[in-house]
Amino acid sequence: MPRPRKRLAGPAGPDKKGPSGKRPKSENPGELSATVELSGSQKTAASNNCGETPSNHWLMKSEPESRLEKGVDVKFGIEDLKAQPKQTACWDGVRNYQARNFLRAMKLEEEAFFYHSNCKEPGIAGIMKVDVQFIRMMKRFIPLAELKTHYQAHKATGGPLKNMALFTRQRLSIQLLTQEEFDFILSLEEKEPS
DNA sequence: GCCAACGTTGGC
DNA sequence: GCCAACGTTGGC
């Protein structure tokens, strides 16, 4: 489970997992340093996304309700992100290979939906930017059930959510969204809950 | 709390 | 490199 944490002020670590060690011991599986956190000021424009390249949009899952995993509470909802210094957190604990590749592919300032998973009401709670910093709450919470309704309709009609990873890659904790998916979900904010 | 989906592990 | 067993994710 991706497990955003309090700021650890780590460098945006290239993760050093060599091919050598097969995998993290089950003893301590978390803490791969696939960190997106950019500590402190982002002085350098270097990795910044200024320029012409269109930026990617993401969806990142986290659990807003308390749950112990090896004695550690993994709770980290959007309110917890807001409560961090600079409203910025370090997104660690991602184990899945593809999710980690996405973490590495992210560029600063790209936007991501903060998705609440494994909880009473799963869905998209807000928006943050890669750094990982809170931007804003959704104007209204967009429940999974509503997204699923659109997904099912779009499968038939060829609408924007027809291939949404949330449904086609069910267990992937970090997902790349198409521009169409991102825009469509944003447009839902303006609508009445369906 | 249950359990389906699905990723990972490890014997062969 | 197959695939059954196992572990995890995450909706319900």
Side-chain angles (χ1 to χ4, degrees), chain A residues 1-6 15-36 57-82 89-106 112-128 130 132 134 137-138 140-156 159-178 181-182 184-185 188-189 191 193-194:
Chain A
M1 182 109 299
R3 201 188 321 137
R5 281 277 188 74
K6 291 150 207 106
D15 79 25
K16 46 355 197 27
K17 64 108 208 224
S20 49
K22 329 197 51 139
R23 53 178 236 97
K25 287 228 55 120
S26 58
E27 284 297 300
N28 191 10
E31 288 357 278
L32 301 196
S33 41
T35 292
V36 193
H57 296 93
W58 308 91
L59 181 147
M60 299 167 77
K61 300 180 183 177
S62 186
E63 303 185 38
E65 294 174 6
S66 286
R67 185 174 64 84
L68 293 185
E69 195 170 275
K70 294 175 185 300
V72 178
D73 193 349
V74 298
K75 171 183 187 293
F76 194 92
I78 196 160
E79 296 298 336
D80 298 296
L81 177 62
K82 281 173 74 173
C90 179
W91 208 273
D92 60 14
V94 174
R95 276 177 273 185
N96 177 278
Y97 209 69
Q98 193 175 358
R100 275 192 286 153
N101 285 340
F102 278 150
L103 275 180
R104 296 196 191 102
M106 288 178 171
F113 287 128
F114 193 123
Y115 178 88
H116 281 172
S117 70
N118 202 17
C119 57
K120 204 58 161 282
E121 205 186 7
I124 295 173
I127 301 180
M128 55 196 173
V130 173
V132 172
F134 176 81
M137 300 298 286
M138 298 302 278
R140 67 179 180 88
F141 183 83
I142 312 290
L144 172 64
E146 183 175 341
L147 293 170
K148 185 182 278 182
T149 299
H150 291 295
Y151 163 68
Q152 276 159 353
H154 290 183
K155 268 196 302 185
L161 298 194
K162 65 175 187 294
N163 295 128
M164 192 180 180
L166 194 58
F167 305 103
T168 60
R169 302 295 325 283
Q170 195 175 108
R171 296 177 49 183
L172 189 58
S173 65
I174 297 193
Q175 310 182 347
L176 178 59
L177 300 178
T178 64
E181 287 164 347
F182 186 79
F184 179 81
I185 293 167
L188 293 178
E189 286 188 301
K191 299 185 177 162
S194 49

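Note that these values count all heavy atoms, side chains included, but never hydrogens, waters or copies made by symmetry. Since the structure is predicted, the reported quantities are computational estimates derived from the model, not experimental observations. Here is the naming used below: chain letters follow the sequence lines, and residue numbers restart at 1 for every chain.
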* Whole Å only: how far is the CG atom of A/Asn96 from the P atom of B/dG7? -> 8 Å

* To do: Calculate the interatomic distance between A/Asn118 atom CG and B/dA4 atom C1'; express it in whole Å.
  => 14 Å

* To the nearest 0.5 Å, tell me how far A/Thr168 OG1 sits from A/Gln175 CD. => 7.5 Å

* **Whole angstrom value for the distance that separates C1' of B/dG7 from CG of A/Asn101** => 15 Å

* Structure fact -> A/Glu69 atom CD is separated from C/dG10 atom P, nearest whole Å, by 11 Å

* To do: Report yes if the side chains of A/Asn101 and A/Ile174 come closer than 4.5 Å at any heavy-atom pair, otherwise no.
  => no

* **Any donor-acceptor pair under 3.5 Å from A/Arg140 side chain to A/Lys191 backbone** => yes

* Structure fact -> Separation of C/dT8 atom P from A/Lys70 atom NZ, nearest Å, is 7 Å

* To do: Tell me which residues in residues 141-150 of chain A put a heavy atom below 4.0 Å from DNA chain C, sorted by number, or none.
  => A/Leu144, A/Lys148

* Rounded to the Å, how far apart are A/Arg169 CZ and C/dT9 P? -> 15 Å

* Using a cut-off of less than 4.0 Å, is there contact between a side-chain N or O of A/Arg95 and OP1 or OP2 of C/dT9? -> yes

* Between C/dT9 (P) and A/His116 (NE2): distance, integer Å -> 17 Å

* Does A/Asp73 reach the main-chain N or O of A/Arg67 with its side chain, forming a donor-acceptor pair under 3.5 Å? -> yes

* Asked: Ring centroid separation for A/Phe102 and A/Trp91, is it under 6.0 angstrom?
  -> no

* Asked: Between atom NZ in A/Lys120 and atom C1' in C/dG10, what is the gap in whole Å?
  -> 15 Å

* Asked: Touch check for A/Phe167, heavy atoms < 4.0 angstrom, all strands: base, sugar-phosphate only, or nothing?
  -> nothing

* Measure up the A/His150 and A/Phe184 rings against each other and bin them: parallel (under 30°), tilted (30 to 60°), perpendicular (over 60°). => perpendicular

* Asked: So, is A/Lys61 close to the C/dT9 phosphate, meaning a side-chain N or O under 4.0 Å from OP1 or OP2?
  -> no

* Asked: Is there a side-chain contact between A/Met164 and A/His154, using heavy atoms and a 4.5 Å cut-off?
  -> no

* Asked: Under 4.0 Å between a side-chain N/O of A/Tyr115 and OP1 or OP2 of C/dT9, yes or no?
  -> no

